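Keep in mind it's a predicted model, so treat the numbers as computed, not measured. Chain letters run A, B, ... following the sequence lines, proteins first, then strands; residues in each count from 1.
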Amino acid sequence: MAATQEMQDMVKARKYEAGFITDVESESAPPGLSEDTIRLISVKKNEPEWLLAFRLKAYQRWLKMTEPTWAHVHYPKIDYQAISYYSAPKSMKDRPKSLDEVDPKLLETYKKLGIPLREQEMLAGVQNVAVDVVFDSVSVGTTFRATLKKAGVIFSSISEAVHEHPELVKKYLGSVVPFGDNYYAALNSAVFTDGSFVFVPKGVRCPMELSTYFRINERNTGQFERTIIICEEGAHVSYLEGCTAPQRDENQLHAAVVELVALDDATIKYSTVQNWYPGDEEGRGGIYNFVTKRGDCRGPRSKISWTQVETGSAITWKYPSCILRGDDSVGEFYSVALTNNRQQADTGTKMIHVGKNTRSTIISKGISAGRGEQSYRGLVRVLASAENARNYTQCDSLLIGSESGAHTFPYTEVRNRSAKLEHEATTSKIGEDQLYYARSRGLSAEDAVSMIVNGFCKDVFKELPMEFAVEAQKLLQVSLEGAVG
Amino acid sequence: MSAASYQKAWDQLPETLRVARAGAWKQFVAKGFPSKREEDWRYTDLSALNDARFAEATETSIVATTLQNWQSLVFANGQRQNGEVRAFETPLADDGITALNAALTRDGLDLRVARKQKAEPLHLLCLNSAAAMTHLRHRVVLEAGSEATLLIDTRGDDSATLATGVLEVEIGANARLRLLRIQDGGQASTDLFRSQIRVGRDARLEYVGLDLGGALVRHDLNVQLCEPGAYAEVHGVFAPGGSTHVDTHTRILHQAPHTTSREVFRGLVADRAHAVFNGRIVVEKAAQKTDSEQKLASLLLSPGAEINAKPELEIYADDVKCAHGATCGQLDEMALYYLRSRGLDSDTARNLLLFAFAHEVLAKVGAEDARREMERRLANRLPGSTAYEDLI
């Protein structure tokens, strides 16, 4: 009991340390965006002057920009003044008191994913267990931190990093995705509230896979995350983002920015399983996921690898990219994207070959079911300086249902004759003969489809860390439910 | 827009034409040439055309012969050399370039093949010279069950000419059109060509193009497969050299069930040339059982050469088979080595491989004399000028 008391104190203390607000009701900002909102965010987070200047600069730029419309997605215009830019955790009063009050459909999904009851409660945001769970992750978080600290790895929220390692944040913030990069990146630069900060020093191989899941403040990061991962010379890190269970989040706009920097011989592996609320069957509600993710292979022989499984969000607009600046650097992109019901996704990657002997691989698998619309949009650019650049691109689409759509927009720009590029794309529906075969062996139609889809995605799943791969498969199965028949 | 040359050409049109085409002219003045800000024009910059000046059309100095045993029609700087000037209804226009063409065109091919007839093969030769400006508009209608072969052959001198061309084609049920095109307008020429082809029930289009480049060459090739059973082959070679620019935009629209398209393009980009290829395939909701394939392979032959390629698929039906592939690379060193070990000098060995690479497409030309003509014209463009006879 005493230990529990101690831990609870620690939770409180930690919350305070992280700059979190205890009295939610009185501390959240009213909807609307202006310089005052940004100043408020900055004050609340007790930020240094240079960061406020960065935010204001981004805001000024954002005001001059227009919302991009080139993506192959359709949605009503977003009212940026109707959003609250400083969304602290939902108030305890609004939270469900017990699992009985949670949408049964949601619980059913959790059950199918095999998520333990306590985690289910946490995900659904049930009031009286929340503390326990936070308490759990605090203890987990602290053990992890000790190990990481020993190795010299910095892994904290970006708000903490601003205070504890201002020189690092200042050096790298906006160095890969400049504040004026695009409309949503500018918006994020102005109002970002939290996110992760990872720094792996020279020659260190991060002793464990880092995951946002284990960071206590993850639940509260809100819509505008900013993540920075830096790997110094020879360092190595694998980072997992997201959580495999669907979250009922009523936030409409999610505009995150992720910046990765790999110096000489460094390797960063970034895996995402994105399963935000996709809206209902009729396309009501759901998250707009407009994300800018970019990795910079600054040093020779560095490597950045993106793996993503995108099953959630009403609208996804996301192109994790690699700038292959260092000679012999490597960029990889593995993606599975699934759209069901009325979901829309416009996703892909950019590989910019600058250095000599740079290599990139793109494997993209799109599954479009129901009335889902899906586009692969990719760019492979070989600059004149990139001798012997090599790219292999494969993007396949699987169509399930006559109302779905699948599109491919791959751009290739080559300015060096020694480059070798290959691009392949196919679109087809699940073969009747494959289905027939599986059914004849005693599988139900749904199981057969799920098996074929999993086989279709195998090239990407094998890139995921093991536990993630298992959950991703289940997730795909759940997301596809009702699409067959 | 300070388009003095265009204004002057407009003012010189007969009053009746100016009345009939006031809409098209207004559209051109309002829209002007497409800008690089438009997605379809991001790699091709037409802004130099705004202030370009062109000479009055005169007699041409180019000497060119048409294919033997083929019917022929020759336009020299837009002036018809044989036959009657064609009649026009109001020509269609949907962007600045087609509007300019619609406003200023005076003539063009008007071919109509009657039901179940087989037309003599026709060589349409367009000679552009002396920094003149030409605006031809062609129309080809194949009635049900008919057949035709047409070679559109554009040649030019070294002057900065401008040619806009629009080709409207209607292929009726069970009809078959073999359409060939050679674009060889000279290093300084600007050639903006639009093909708008509708393919009817169980009808067939077989297109093969050869683009040899110019200061600014653009071909918009739009094929609509409008009825069940429609079939289109759309193939081409682009081989720009010097500091030329060739832009090919193909759009194949599958609108009806059981339609098929095949597309193979090969690119040889030499010197400081810039090639653009955009191959778009759209499968509309109604077009179930579509079968479509597109392949692009290109070689960059010198350090300054550049290619921008985008094969696009847009699919709204589910029971379809669609595939596309695009590659970019260099000649196989092993193959070169092999040929040299058999006693060929390096220029001949290279040219043999380059020719063979492009020939995969040219071999698809059914009409033999036209194929030989296309092969010869390509061979002339290969570096080191290996004789065509040595390559065959």
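- With a 4.5 Å cut-off on non-hydrogen atoms, A/A384 does not touch chain B at all.
- Chain B forms more heavy-atom pairs under 4.5 Å with one residue of A/V380, A/V414, A/L379, A/T426 than with any other, namely A/V414.
- Scanning all heavy atoms of the two residues, the minimum distance from B/P311 to A/P410 falls at O-CD, 2.6 Å.
- Ranked by heavy-atom pairs under 4.5 Å with chain B, the list A/E432, A/K420, A/H423, A/Q374 is led by A/H423.
- The candidate from B/S298, B/A297, B/P303 with the greatest count of non-hydrogen atom pairs under 4.5 Å with chain A is B/P303.
- Remark: the backbone N or O of B/L301 is paired with a side-chain donor or acceptor of A/R417 at under 3.5 angstrom.
- Of the listed residues (B/V269, B/L300, B/L313, B/I281), the one with the most heavy-atom contacts under 4.5 Å to chain A is B/L313.
- Proximity to chain A is limited to the side chain of B/E39, based on heavy atoms less than 4.5 angstrom apart.
- A/Y75 OH: more than 12 foreign heavy atoms inside a 6.0 Å radius.
- In this structure, A/K458 places its NZ atom where only 12 or fewer heavy-atom neighbours from other residues, nucleotides or ligands lie under 6.0 Å away.
- Proximity to chain B is limited to the side chain of A/E373, based on heavy atoms less than 4.5 angstrom apart.
- In terms of heavy atoms, A/L399 sits closest to B/A317 at CD1-O, 3.2 Å.
- Rounding to the nearest 0.5 Å places CD of B/E314 at 11.5 Å from OG1 of A/T427.
- Around atom CZ of B/R262, more than 12 heavy atoms belonging to other residues, nucleotides or ligands sit under 6.0 Å away.
- Looking at B/Y43, the atoms closer than 4.5 Å to chain A (heavy atoms on both sides) all sit in the side chain, from C-beta outward.
- For the atom pair A/C395 SG and B/H324 NE2, the distance stands at 5.0 Å (nearest 0.5 Å).
- Interface remark: A/S418 contributes backbone and side-chain atoms alike to the contact with chain B (heavy atom separation under 4.5 Å).
- Only the side chain of B/Q288 comes within contact range of chain A, with heavy atoms under 4.5 Å apart.
- Counting heavy atoms from C-beta outward, B/R42 and A/Y411 have side chains that approach closer than 4.5 Å.
- One distance of note links NZ of B/K310 with OG1 of A/T408; it measures 11.5 Å at 0.5 Å rounding.
- The distance from atom CD of A/E424 to atom OG1 of B/T327, rounded to the nearest 0.5 Å, is 10.0 Å.
- The two residues A/K429 and B/D318 come nearest to each other via the heavy atoms CB-O, 3.3 Å.
- Annotation for B/K31: atom NZ counts as buried by contact number, over 12 foreign heavy atoms lying within 6.0 Å.
- With a 4.5 angstrom heavy-atom cutoff, B/A305 touches chain A only via backbone atoms.
- The candidate from A/A419, A/S402, A/G405 with the greatest count of non-hydrogen atom pairs under 4.5 Å with chain B is A/S402.
- Atom CZ of A/R359 has 12 or fewer heavy atoms from other residues, nucleotides or ligands within 6.0 Å.
- Taking CG of B/L296 as the start and OG1 of A/T412 as the end, the distance is 7.5 Å to the nearest 0.5 Å.
- Annotation: side chain of A/E403 is in contact with side chain of B/K285 (closest heavy-atom distance under 4.5 Å).
- Surrounding CZ of B/R194 are more than 12 heavy atoms belonging to other residues, nucleotides or ligands, all under 6.0 Å away.
- With hydrogens and angles disregarded, a donor-acceptor distance shorter than 3.5 Å links the side chain of A/H407 to the backbone of B/I315.
- Neither the backbone nor the side chain of B/S292 has a heavy atom closer than 4.5 Å to any heavy atom of chain A.
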